[in-house]
Protein chains: 2
Amino acid sequence: MKKVKGSPRGTRRRDVPLTEAGIHAAALRLIDADGVEALTMRKLATALDANPMSPYHHVPNKDALLRGVTRMVGAQFRTVTLEDAPWQERIRLLATDFRTLAHRHPNLMAYSFSQPDIIQPEDPFWAALIATLEASGVSHEEIPQVAALMCAVVIGVLIAELSGALHQWSNLKPTTPAAGEDWSPDVGPEEDRMFRLVLDTIIAGLESRLAAAGDGEDIRRGVSPEAGP
Amino acid sequence: MKKVKGSPRGTRRRDVPLTEAGIHAAALRLIDADGVEALTMRKLATALDANPMSPYHHVPNKDALLRGVTRMVGAQFRTVTLEDAPWQERIRLLATDFRTLAHRHPNLMAYSFSQPDIIQPEDPFWAALIATLEASGVSHEEIPQVAALMCAVVIGVLIAELSGALHQWSNLKPTTPAAGEDWSPDVGPEEDRMFRLVLDTIIAGLESRLAAAGDGEDIRRGVSPEAGP
DNA sequence: ACCTGAACACCGTTCAAGT
DNA sequence: ACCTGAACACCGTTCAAGT
């Protein structure tokens with residue numbers, strides 16, 4: 001009466017009992033293939049060669065599962081530290097590493113970016129970002145805020161890139177294709193160029209504010225004219 | 001046999017036939033109340049005092065419904081033009097207007113920000129942003145990209161704000177509460193300050209690059225040292 | 001302790017039928 | 001033309017039962 005549910009060609013998976021880590025890995029595989037919205041507890045169980053309800057013994061529910069997968073990928077986010085480079089270069093490196101991760105799991109990231117769990121205090125990424133900002137000279141009590149904002153900004157650009165919004169918005173007002181071709185159009189995909197553009201602009205903005213704060217002024221009052229009291 | 005499904009106190013809604021606009025409005029009401037993930041075609045029909053299937057005669061499916069609601073809110077996004085102000089001030093105004101809209105419909109925005117539909121070429125917001133960047137002196141063929149990036153950056157910060165990530169990340173490394181209180185902690189909610197901080201930094205970055213491009217250099221090569229050929 | 005089966009309360013959507 | 005009812009193919013999750 002009992003149907004054998006193994007793979008058709010005799011390659012049987014799961015001679016090993018279910019694990020939280022194994023469930024997370026399988027879920028990530030399904031998400032990479034078909035997107036977060038296509039992930040189903042039942043499909044996940046099938047992929048694990050298990051009963052629909054078996055995963056529930058290792059994961060409380062679907063929300064927790066997604067949070068777990070997000071944390072898992074976020075933790076695997078190792079980054080080269082490159083201690084001796086100038087802070088500008090280190091920020092660029094951190095951001096492009098982050099972007100590489102986003103490109104490796106775009107389906108998951110499009111989802112995870114909307115929740116705080118991607119970034120955890122014990123992530124080496126966060127430590128590296130904090131250290132880099134310390135090296136840059138940002139005032140000590142502002143470092144957490146600046147770090148959080150940098151994450152938000154980079155994530156915003158990545159969300160727009162992964163969803164196609166960046167490409168779409170860029171072409172809302174088509175540029176006149178008249179005679180503008182003297183700036184090397186073969187530098188790479190449009191998105192690469194735009195990503196560098198934001199990074200450079202943000203870094204220039206930080207430099208400008210740090211320079212203004214150099215003579216005793218707080219970084220917060222370097223540019224904005226409405227600093228009150 | 002037929003149950004009367006009107007509101008209990010005699011205030012009967014929908015003596016008027018269903019409309020696409022009416023459906024969008026009702027959906028927005030439900031989303032504002034309980035979030036996008038709680039919106040159901042069936043609940044929507046109930047709220048409209050109609051049969052579960054009736055909305056399908058005016059809206060092809062749930063995805064299209066959400067896209068429609070997003071476009072509707074995005075279109076209602078009118079913005080003061082303020083033509084005579086300096087471009088820095090105009091950008092600040094556009095961004096804070098956008099933020100105000102996000103605060104008015106946070107549940108919808110947390111969803112809509114991940115799809116390109118919030119911003120349409122005919123939105124007055126987009127026209128104002130383009131005009132502002134033209135006034136700023138950004139090179140003509142770069143305006144669409146810079147505009148797209150500004151949207152992505154602002155949306156990224158708003159997503160992080162609405163999801164609580166901004167607050168959470170800022171407090172990952174708690175600042176030493178020793179004697180740092182001489183910078184007016186009553187300036188308003190933390191998020192207001194941080195939003196101004198990104199804006200000021202981005203604007204400073206743009207100013208810096210525009211200044212570097214002033215003597216014939218392209219804006220893209222103002223700061224980044226790796227501009228190749 | 002770990003897994004299973006049946007069941008519950010929902011979904012989105014199709015389709016034939018009503019008015 | 002617009003709305004309805006019943007039905008289909010799914011969901012996530014509970015719970016009592018198996019080993």
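These figures come from a predicted structure and were not determined experimentally. Reminder, nothing fancy here: chain letters follow the sequence lines and each chain counts from 1.
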(request) Rounded off to whole Å, could you give me the CG-to-P distance for the A/L66 and D/dC11 pair? (result) 15 Å

(message) I need the CG-P distance between B/L65 and C/dG12, as an integer number of Å.
(response) 10 Å

(request) Round to a whole Å and report the spacing from CD of B/E37 to P of C/dG12. (result) 13 Å

(request) Consider only side-chain N and O atoms of A/H103 and A/E161, and report whether a donor and an acceptor are under 3.5 Å apart. (result) yes

(request) Write down the distance between CD (A/E20) and P (C/dA1), rounded to a whole number of angstrom. (result)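 It works out to 18 Å between those atoms.
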
(request) For this output row, return yes or no: ring centroids of A/F113 and A/F98 closer than 6.0 angstrom. (result)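 Distance test on ring centres: under 6.0 Å, yes.
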
(request) Find out whether A/F195 and A/L166 are in side-chain contact, i.e. whether some heavy atom of one side chain is under 4.5 Å from a heavy atom of the other. (result)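 No, every pair of side-chain atoms sits at 4.5 Å or beyond.
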
(request) State, yes or no, whether a side-chain contact exists between B/L65 and B/M41 at a heavy-atom distance under 4.5 Å. (result)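 Touching, per the 4.5 Å side-chain cut-off.
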
(message) Please pick, from C/dT4, C/dC11, D/dT4, the nucleotide with the shortest atom-to-atom distance to any side-chain atom of B/N51.
(response) D/dT4

(message) We want to know whether A/E141 and A/S139 form a side-chain donor-acceptor pair, criterion being a heavy-atom distance below 3.5 angstrom.
(response) yes

(message) Does the protein touch nucleotides 13-19 of chain C at the base, only the backbone, or not at all? Give it as B, S and - per nucleotide, heavy atoms under 4.0 Å.
(response) BB-----

(message) It should be established whether B/T40 places a side-chain nitrogen or oxygen under 4.0 Å from OP1 or OP2 of nucleotide C/dC10.
(response)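 For C/dC10, neither OP1 nor OP2 has a side-chain N or O of B/T40 closer than 4.0 Å.
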
(message) Pair B/V73, B/M109 - check side chain to side chain contact (heavy atoms under 4.5 Å, CB included), show working.
(response) CA-CA 9 Å; B/V73 172; B/M109 286 316 187; 3.7 Å; yes

(request) Find the distance A/L18:CG to C/dC2:P and express it as a whole number of Å. (result) 10 Å

(message) Regarding A/E122 and A/R71, does a basic nitrogen lie under 4.0 Å from an acidic carboxylate oxygen?
(response)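 Answer for the salt bridge query: yes.
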
(message) Counting only heavy atoms from other residues, nucleotides and ligands, does the tally under 6.0 Å from NE2 of B/H167 exceed 12?
(response) no

(message) Check the phosphate of C/dC3 against A/H58, side-chain N and O only, distance under 4.0 Å to OP1 or OP2. Yes or no?
(response) yes

(message) Return the CG to CG distance between B/N107 and B/L39, rounded to the nearest 0.5 Å.
(response) 11.0 Å

(request) Dot-bracket notation for DNA chain C is requested: 5' to 3', Watson-Crick or G-U wobble pairs only, both distances under 3.5 Å, with ( ), [ ], | and . as defined. (result) ||.|||||...|||||.||

